[in-house]
J.: 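This structure is in structure tokens; I'll ask about it shortly.
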Amino acid sequence: MNVIKFIVLSITMCTTAAIAQQNDAKELASITKGSPLVSPQIQVVPIKDSNTERNYELYVELPEDYSENTDKTYPVLYYTDAMWHLEILAASQEFILEDIILVGISWQKDVSEDLMEQYGAHASRFTDYSFWKKTNPNHPKLKFGEAKNHLEFIRNNVIKYVDNNYRTDPNSRSYFGYSLSGAFGAYILLTQPDTFNNYILGSPLSKGLVPYLSEINSTLVPKASINSKTSHANVFIAYGTLEKDKTEPIDEYLKLLENRKDLSLSVRNKTMEGDHQTAFPRIAIESVAWLSSLLSPISSEGYDVPFWDIPHLNNPYVSTTPADRKDGIAVDTLSVTGKDREAILQLSQDIFDGNYGNYDALLISHQNKLVYESYYKKGRINVPHGQASAVKGYTSLVLGRAIEMGYLSMDDLDKPLIHFLKDLDPKKFAPGVEKITLHKALTMQGGLTIDREAWKEIENDSVRLKGQGLVQALLEATAPITSASQTYLYGNFNPMMVMTVIDAVVPGTAADFIKTELLDKLGITDYEWSKHASGLPQAGWKVSMTSRDMLKLGHLVQNKGKLDGKQFISAAYLKKATSGIVRPAIDWMPKNYLYGYFWYYSPVKVGNKTYAMCLAWGGGGQRVMVVEELDLTIVISGHDRDDDKIMKPIFETVVPAFVKE
């Protein structure tokens, strides 16, 4: 099948398969009753519901390389309304989901003749997929409310058969349903969410169905409060832009899920152009692309997906022999003792299982070579990750680059910050602002004391804050700067003052300097560096870059500021920046941490010896950690609220693995 055929298939599905999604039984009765399935790629397997004795068929399509890779296991995509969805999913398997087993579940094959005559081959879908027992006088022969039985058939017969007869990955099961079978998927997710890891629910709910789900949910909530086990799942839910009646019930359904303490879901809720019929192929294609992105550490979705919409990987991606991706990072094999290797691998599994919080990546570089690369949850090799306050450490490197290039000197660190800013009006300054040196700002000791409520009005005035106007506003709004006020105070005012100095002293703009003199030279291209309201680059947060690119910044520190053997960051500045200058007296800071120039310092004790670690640290778990004496750089990224637990295994498992006895 070629690309043109795939496109033609998608278009034709608009007028054939999607039309078949109508729930109205009378309309469906006019559709053809079906024809025998003939395909050399598909195995047709008869299967019986062991509880009801009803007969069905499974349409199993294996990946192209299934027979060649006998040690490989594969994720499985189960889909209902199989005859309607088979072709478009088979085409998607060829082009998007290459490494997946497709299992279509047929309608009941042995329905009574009168039902077959009145409703067609798909008669059983109205009973099997319905979770309401209310009778319908217009359809007295249909027995509604069999969803619970049909789900048990899928769990106890279908999934077990597939797992026993094919090389499946039990940690990666997905469900695809559209219209009424999408509603059935919504029922599965609500009642037995651990059935699948990923759910694709196309145009699933109408207003009349939500009360039934709400009633079912009310019986599950008490059980959820008793059961401490949490089920995790990725959910793709979509419907047509012209299906206005879907918005409210789907929102109500999602609220039911949000309020369940036993569910942890990553949800993508979208609308696609079209009505119930014409939106179907678009939903099918985009949803399988979404599914592909959570089966692989390399995203196929692009970078425009909001971070919180990125689905969780079904399995951790772990490599002890990272691939050479021609991105400027040398690679090698993890060469540590067998015991240490197993401990690091176990750590990866523990991270994936959430034992240390929510983390997305762990990379280890030894002797300037990446030897361990792993991704979890929302982590992807090719997708930039938010850096939070680790950006402060990167801003410090930008200043070190400016010093190395001669735009500043080490002596300038002790000069008043206002010395470099010629556009300011000193007549409006608060007393004592001359005490704010670059050194004080870099160590979070600028001494600004600003009323938060008053600042809220100022920070929305982008005209006033433009360029050096930000510092002007800060120095006007602050209380007098005194020796008492110049103590460690964490925040973004100090980094932005430093960025304003960088912008003032380098040729062109700070944004151009960061790009041309730091990121471009390191080969960092997949990033987003946001602007502050002042128009200057953010200095304390709101930057995204890949974990591999974080590693490049760590290598600069590990190599004492050298890049390709040449001094790139001032060595004298870097030594000071990564040393422990200040002891932050704040509750959330680990007691053994010291602070340099936007970099932290922490001792790491291994046996009887202590090693110095410096690190850029951002909330949520973004860290670039360097142990220069061991030629070691470690990168982690995450989205964890309590992001210090991860440091225990870093200190006790990862760092000791590289200490030679």
Side-chain angles (χ1 to χ4, degrees), residues 9-28 31 77-89 91-92 104-105 107 122 125-132 144 147 150-151 174-190 196 198-214 233-257 265 267-291 309 311:
L9 172 63
S10 300
I11 295 172
T12 57
M13 291 297 285
C14 288
T15 56
T16 56
I19 292 176
Q21 301 299 333
Q22 296 296 326
N23 287 340
D24 188 89
K26 292 181 180 178
E27 235 177 283
L28 286 169
I31 300 174
L77 173 58
Y78 294 87
Y79 59 99
T80 40
D81 281 333
M83 289 304 296
W84 290 342
H85 300 156
L86 184 149
E87 286 185 295
I88 198 166
L89 292 180
S92 298
I105 305 171
W107 303 303
H122 45 269
R125 75 190 298 265
F126 302 108
T127 59
D128 286 345
Y129 305 160
S130 60
F131 39 83
W132 57 94
F144 295 99
H150 197 59
L151 174 55
S174 305
Y175 175 85
F176 179 102
Y178 194 84
S179 193
L180 185 54
S181 61
F184 177 57
Y187 167 81
I188 299 172
L189 177 59
L190 190 72
F196 302 102
N198 316 298
Y199 290 80
I200 296 173
L201 310 177
S203 192
L205 297 171
S206 59
K207 193 169 185 178
L209 298 184
V210 176
Y212 296 109
L213 290 172
S214 182
N234 298 302
V235 183
F236 186 102
I237 188 166
Y239 55 100
T241 54
L242 299 179
E243 296 186 277
K244 304 295 185 183
D245 60 331
K246 299 289 185 184
T247 303
E248 184 178 342
I250 287 175
D251 287 346
E252 289 179 9
Y253 172 70
L254 291 177
K255 285 180 182 178
L256 289 179
L257 298 177
L265 306 178
V267 180
R268 180 84 59 86
N269 183 12
K270 298 198 68 172
T271 55
M272 303 279 186
E273 185 179 348
D275 56 22
H276 192 71
Q277 291 80 28
T278 58
F280 171 71
R282 296 181 176 90
I283 291 173
I285 292 170
E286 184 157 338
S287 65
V288 295
W290 167 86
L291 182 59
D309 283 349

J.: Start with the C-alpha distance between Tyr175 and Tyr78, add both sets of side-chain angles, then the distance that settles ring-ring contact (aromatic ring centres under 6.0 Å, His included), and finish with yes or no.
T.: CA-CA 5 Å; Tyr175 175 85; Tyr78 294 87; 8.7 Å; no
J.: Quick check: do His122 and Trp84 have side-chain heavy atoms less than 4.5 Å from each other?
T.: yes
J.: What's the shortest heavy-atom distance between Ser181 and Thr80, and which atoms?
T.: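 Shortest heavy-atom separation between Ser181 and Thr80 comes out as CB-OG1, 3.2 Å.
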J.: Quick one: are Tyr199 and Ser174 in side-chain contact, heavy atoms under 4.5 Å?
T.: no
J.: Grab the two heavy atoms, one from Pro204 and one from Leu209, that are nearest each other, plus how far apart they are.
T.: O-CD1, 4.2 Å
J.: Is any side-chain heavy atom of Leu291 closer than 4.5 Å to one of Phe236?
T.: no
J.: Should Phe184 and Asp128 count as side-chain neighbours, where that means a heavy-atom distance under 4.5 Å?
T.: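 No. Closest side-chain heavy atoms not under 4.5 Å.
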J.: Is the gap between the ring centers of Tyr187 and His150 under 6.0 Å?
T.: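 Distance test on ring centres: not under 6.0 Å, no.
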J.: Mark yes or no for whether His85, through its side chain, and Tyr79, through its backbone, hold a donor-acceptor pair below 3.5 Å.
T.: no
J.: Which is it for Ile88 and Val288 under the side chain to side chain contact (heavy atoms under 4.5 Å, CB included) test, yes or no, and what are the steps along the way?
T.: CA-CA 10 Å; Ile88 198 166; Val288 295; over 6 Å; no
J.: Going by the rule side-chain hydrogen bond (donor to acceptor under 3.5 Å, both in side chains), which residues pair with Asn234 if we only count those two or more places apart in sequence or in a different chain?
T.: Asn198
J.: With a 3.5 Å distance limit and no angle check, can you tell me whether Thr271 reaches the backbone of Thr241 through a side-chain donor-acceptor pair?
T.: no
J.: Using the test salt bridge (charged side-chain N to carboxylate O under 4.0 Å, His left out), find all partners of Lys255 that sit at least two apart in sequence or belong to another chain.
T.: none
J.: Are side-chain N/O atoms of Trp107 and Asp81 paired as donor and acceptor at under 3.5 Å?
T.: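 Side chains of Trp107 and Asp81: pair found under 3.5 Å.
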J.: Can you list everything that forms a side chain to side chain contact (heavy atoms under 4.5 Å, CB included) with Lys207? Sequence neighbours excluded, please.
T.: Glu248
J.: What heavy-atom pair brings Met272 and Ile283 nearest, and what distance separates the two atoms?
T.: CG-CG1, 3.4 Å
J.: What pairs with Asp245 under side chain to side chain contact (heavy atoms under 4.5 Å, CB included), at least two apart in sequence or on another chain?
T.: Glu243
J.: In chain order, what residues pass the side chain to side chain contact (heavy atoms under 4.5 Å, CB included) check against Phe144, with sequence neighbours excluded?
T.: Phe126, Ser130, Trp132, Asn136, Leu142
J.: Sort out for me which residue in Ile200, Leu189, Asn269 forms a side chain to side chain contact (heavy atoms under 4.5 Å, CB included) with Val235.
T.: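 For Val235, the side chain to side chain contact (heavy atoms under 4.5 Å, CB included) test succeeds with only one of Ile200, Leu189, Asn269, which is Leu189.
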J.: Which atom names give the shortest non-hydrogen contact between Tyr239 and Ser203, and what distance separates them?
T.: CB-CA, 3.9 Å
J.: Roughly how far, to the nearest 0.5 Å, is CD of Glu273 from CZ of Arg282?
T.: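 If we round to the nearest 0.5 Å, Arg282:CZ and Glu273:CD are 5.0 Å apart.
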J.: Angle class for the Tyr212/Phe131 ring planes (parallel below 30°, perpendicular above 60°, tilted otherwise)?
T.: perpendicular
J.: Which value, rounded to the nearest 0.5 Å, describes the distance between Lys246 atom NZ and Ser206 atom OG?
T.: 5.5 Å
J.: Do you know which two heavy atoms are closest between Ala233 and Phe196, and how far apart they sit?
T.: CB-O, 4.4 Å
J.: Which atom names give the shortest non-hydrogen contact between Ala186 and Leu201, and what distance separates them?
T.: N-CD2, 3.7 Å
J.: Using side chain to side chain contact (heavy atoms under 4.5 Å, CB included) as the criterion, list what pairs up with Ser214, not counting sequence neighbours.
T.: Leu256
